[in-house]
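Written out below as structure tokens is the structure these notes cover.
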Amino acid sequence: MNYTMNDLLNGAGVMARSVFGRRNEYHLQFNHEEDGCWYIDFPGWPFDHHNLMMVAGADKLCDFLSSDDKYAHVDVIPANREEDHPGYAKLVQKEHSLTGGSTYQVTGLEGFERDIWLCPVTLFVLGRYPKYLYIRKSPTT
């Protein structure tokens with residue numbers, strides 16, 4: 001799922017909205033589809049749907065955070081420095097590359113202590129690969 005520079009340029013409009021529309025917290029939905037895979041719910045995604053698939057541990061995290069095996073609703077706080085967010089698990093970036101995604105170590109989520117990989121779709125959703133991600137299962141679902 002590596003993107004070429006041409007792919008990133010073609011999706012620049014979507015990415016620009018993410019970069020300039022950065023928020024302190026995101027409420028994300030992941031859908032467990034008929035093919036048995038998890039996908040981020042991203043209306044208006046300009047590329048192939050399969051690029052939205054959660055793999056390499058992110059799918060296991062969706063399984064872990066889902067209440068009904070159909071949807072996972074997750075609150076995400078991206079940060080470039082370590083912060084205190086009670087009730088949130090912490091993901092710490094281990095490595096990343098612009099077109100190759102980012103690997104995070106998940107800590108503070110009892111029963112789920114492992115690394116996950118987030119693909120470059122993260123750039124479109126969050127506008128960057130944050131050094132830290134704070135996550136929790138959305139309390140409203």
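Residue numbers run from 1 in the order of the sequence given.
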Heavy-atom side-chain proximity of Thr107 to Leu91 below 4.5 angstrom: no
Close side-chain approach of Leu123 to Leu98, heavy-atom, < 4.5 Å: yes
Can His85 and Glu25 be counted as having a side-chain donor-acceptor contact under 3.5 angstrom? no
Return the minimal non-hydrogen interatomic distance between Pro120 and Thr99, and the atom names on each side. CG-O, 3.3 Å
For Tyr71, does the OH atom sit with more than 12 other heavy atoms under 6.0 Å from it, leaving out its own atoms? no
Of all residues at least two apart in sequence or in a different chain, which pass the side-chain contact (heavy atoms from CB on, under 4.5 Å) check with Asp84? Pro86
If hydrophobic clusters are built by linking Ile, Leu, Val, Met, Phe, Trp and Tyr wherever their side-chain heavy atoms come under 4.5 Å apart, do Tyr129 and Val92 end up in the same one? no
Can you confirm whether more than 12 heavy atoms, excluding those of Lys131, are under 6.0 Å from its NZ atom? yes
Heavy-atom side-chain contact between Tyr134 and Glu82 under 4.5 Å: yes
Any side-chain heavy atom of Val74 sitting closer than 4.5 Å to one from Leu61? no
Heavy-atom side-chain contact between Phe30 and Ser66 under 4.5 Å: no
Taking all heavy atoms of Leu65 and all of Ile135, pick out the closest pair and write down the distance. CD1-CD1, 4.3 Å
Would you check if Phe47 and Leu52 make a side-chain contact, meaning some heavy-atom pair closer than 4.5 Å? no
Stepwise, does the side chain to side chain contact (heavy atoms under 4.5 Å, CB included) test hold for Val76 with Val125? CA-CA 11 Å; Val76 177; Val125 176; over 6 Å; no
